[in-house]
Peer 1: 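I am attaching a structure below and will ask some questions about it afterwards.
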Amino acid sequence: MTDLTRATAAHLSELLAKGDVSSREVTQASLDRIAAVDGEIHAFLQVSADSALESADAVDAARAAGETLAPLAGVPIAVKDALATRGIPTTSGAKILEGWVPPYDATVVERLKAAGMPILGKTNLDEFAMGSSTEHSAYGPTRNPWDTNVIPGGSGGGSAAAVAAFEAPLAIGSDTGGSIRQPAAVTGTVGIKPTYGGVSRYGLIALASSLDQIGPVSRTVLDAALLHEVIAGHDPRDSTSLNQPVPDIVAAAKRADLNGVRIGIVKELGGDGFDPGVRARFDEAVALVTAAGADVVEVSCPSFVHALAAYYLVLPSEASSNLAKFDAMRFGLRQGPEDVSAPSAEEVMASTRDAGFGDEVKRRLILGTYALSSGYYDAYYGSAQKVRTLIAQDFDRVFADVDVLMSPTAPTPAWPLGAKLDDPMAMYLQDIATIPANLAGIPGISVPAGLTDGLPVGVQFLAPAMADDRLYNAGAALERLLAQQWGGYLIEQAPELEVAR
Ligand code: GLN
């Protein structure tokens with residue numbers, strides 16, 4: 001039999017539907033792969049083998065009984081540890097949440113379960129999803145399957161690495177400034193940030209509520225579309241959830257036709273700050289889509305030069321408010337100052353937050369609290385919100401003339417672990433091409449575009465809000481053109497990992 005861990009979700013879905021394999025076999029294959037390689041990769045913070053196999057058996061029984069099942073029923077999945085999972089510890093990569101077992105499921109998790117998808121476990125991330133390398137996790141870094149000495153991107157490096165290392169066919173990520181797309185780019189996987197409000201945020205541990213969006217991670221564009229369809233749609237428990245029909249993303253991923261599609265190359269999302277290898281792969285991708293019949297023009301979005309500055313005010317401000325609930329009283333860690341015998345509530349809070357938050361989180365909470373303080377609010381948070389409007393207007397203007405925008409996903413490929421850890425600014429610059437989409441609420445996809453010095457590079461497409469289907473069409477088309485060149489998907493070129501016995 002073919003190696004089930006290497007099969008796409010679409011292929012697994014067919015094999016399961018025909019009865020060629022059981023969900024127990026598929027799920028067990030993933031669990032065995034996790035046991036074999038995750039000691040090296042550390043994509044998972046928790047592996048929930050027993051409950052995954054139980055779900056698998058339930059799907060197999062339902063299929064045997066002739067029930068009509070969802071297309072991905074029986075296909076296992078990994079979930080970023082930023083989503084609440086009932087009965088499974090959820091940490092968001094933070095020490096302050098160590099030991100917290102949520103009493104409820106996030107809406108997305110509920111939908112995965114309702115679709116019959118066994119949950120393999122929870123994946124690693126930068127603490128509270130703040131970072132671009134997964135090194136800010138309180139539980140140690142994740143390693144990139146392409147080279148275990150380099151980072152897997154962040155904050156969702158765990159989900160991307162799990163999919164790239166064939167530990168899971170699919171994963172869930174969350175993207176506040178690029179945390180699905182940049183890890184996808186540097187691990188040779190596919191990642192989508194849906195339109196803001198397109199997927200419920202209920203049960204996602206909030207980082208910055210006006211930017212956060214949950215989305216799919218996969219090895220192919222079609223697989224991402226199949227997963228997107230499971231998790232998308234209105235949820236009354238999320239007040240920002242869109243109450244509109246989800247575009248037909250699966251059909252778009254199958255269409256994969258660039259003929260007559262108008263593509264804008266954003267002048268501001270390229271150039272000098274981008275690694276030459278990234279630019280080379282990007283230019284090749286542009287040549288391919290042009291040859292495939294797309295109508296490619298250069299466009300300018302002048303406000304994007306302020307996007308990073310605006311993001312790093314909006315995000316810390318909202319995070320300082322969202323993370324105020326970690327007060328030592330309600331969740332996880334609680335400790336008093338060592339030298340005080342009967343500490344006050346304030347002393348317990350201060351001591352717990354000091355011990356439970358890492359440096360990057362503290363840096364952003366201090367910045368955000370300052371930016372929101374009276375007297376500074378207008379100068380910082382208020383100005384950042386104005387920049388946000390200008391960015392949205394730039395998008396509106398260019399989308400009057402083009403269907404999708406195209407840029408590199410990240411300015412560099414993956415770098416050695418530790419190399420940027422002491423330089424927050426260098427880490428923040430990784431987000432340069434991904435954050436405009438979050439600031440404007442529009443969707444984006446990252447698709448593998450080849451290698452530079454043996455490490456993956458991603459190309460990003462952006463589309464107007466609610467036009468997520470355009471991303472799937474363009475992404476699948478580029479994927480197909482590249483696969484013709486390579487004789488398969490890029491991920492198939494990933495090096496074999498040492499397997500533990
Ligand atoms: N790198 C970005 C940050 O550190 C992305 C965060 C995210 O999307 N969760 O804020």
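We count ligands from 1, going down the list as the structure has it; atoms in each ligand are counted the same way. Throughout, numbering of the chain's residues begins at 1 and tracks the sequence.
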Peer 1: Which atoms of ligand 1 have any heavy atom of R364 under 4.0 Å away?
Peer 2: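 With R364 as reference, the close atoms of ligand 1 come out as 3 (C), 4 (O), 10 (O).
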Peer 1: Please check if any side-chain donor atom of S209 sits under 3.5 Å from a side-chain acceptor atom of N322, or the reverse.
Peer 2: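 A donor-acceptor contact under 3.5 Å links the two side chains.
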Peer 1: Within a 6.0 Å radius of atom CG on D359, are there more than 12 heavy atoms belonging to other residues, nucleotides or ligands?
Peer 2: no
Peer 1: Considering only heavy atoms, does F128 approach ligand 1 within less than 4.0 Å through its side chain, its backbone, both, or neither?
Peer 2: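 The answer is neither.
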Peer 1: Going by atom types alone, do S210 and E318 pair a side-chain donor with an acceptor below 3.5 Å?
Peer 2: yes
Peer 1: Of all the atoms in ligand 1, which lie at a distance below 4.0 Å from a heavy atom belonging to S155?
Peer 2: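 In order of number, 9 (N).
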Peer 1: Any N/O of L207 closer than 3.5 Å to an N/O of ligand 1?
Peer 2: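 L207 vs ligand 1: no N/O contact under 3.5 Å.
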Peer 1: Would you please say whether a donor-acceptor pair under 3.5 Å links the side chains of S218 and D223?
Peer 2: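 There is no such pair (donor and acceptor under 3.5 Å, judged by atom type) between the side chains of S218 and D223.
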Peer 1: Compute whether any side-chain donor of one residue and acceptor of the other, for E268 and S300, lie under 3.5 angstrom apart.
Peer 2: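 Yes, a side-chain donor-acceptor pair sits under 3.5 Å.
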Peer 1: So among D38, T134, T123, N124, which one has a side-chain hydrogen bond (donor to acceptor under 3.5 Å, both in side chains) with T142?
Peer 2: N124
Peer 1: Starting from atom 6 (C) of ligand 1, locate the nearest protein heavy atom and write down its residue, its atom name and how far away it is, to 0.1 Å.
Peer 2: S179 OG, 3.0 Å
Peer 1: Quick check on contacts: which atoms of ligand 1 are under 4.0 angstrom from a heavy atom of D175?
Peer 2: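 Every atom of ligand 1 under 4.0 Å from some heavy atom of D175: 8 (O).
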Peer 1: Starting from atom 3 (C) of ligand 1, find the nearest protein heavy-atom neighbour and note its residue, name and distance.
Peer 2: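 Checking every protein heavy atom, the shortest distance to atom 3 (C) of ligand 1 gives Y312 OH, 3.3 Å.
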Peer 1: Are side-chain N/O atoms of S241 and S200 paired as donor and acceptor at under 3.5 Å?
Peer 2: no
Peer 1: Is it the case that ligand 1 has an N or O less than 3.5 angstrom from some N or O of M130?
Peer 2: no
Peer 1: Within less than 4.0 angstrom of ligand 1, does K80 place any heavy atom?
Peer 2: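 Outside the 4.0 Å threshold, so no.
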Peer 1: For ligand 1, note which part of L315 has a heavy atom under 4.0 Å away: side chain, backbone, both or neither.
Peer 2: side chain
Peer 1: Compute the minimum heavy-atom distance from Y311 to ligand 1 and say whether it is under 4.0 Å.
Peer 2: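 Within the 4.0 Å threshold, so yes.
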Peer 1: Do the side-chain N and O atoms of T85 and K122 include a donor-acceptor pair separated by under 3.5 angstrom?
Peer 2: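 The criterion, which ignores hydrogens and geometry beyond distance, is satisfied for K122 and T85.
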Peer 1: Looking at atom 2 (C) of ligand 1, what's its closest protein heavy atom, distance included?
Peer 2: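 Nearest protein contact, heavy atoms only, for atom 2 (C) of ligand 1 is D431 OD2, 3.1 Å.
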Peer 1: Going by heavy atoms in the side chains, are V250 and L222 under 4.5 Å from each other?
Peer 2: yes
Peer 1: Say whether A129, considering both its backbone and side-chain N or O atoms, lies within less than 3.5 Å of an N or O atom on ligand 1.
Peer 2: yes
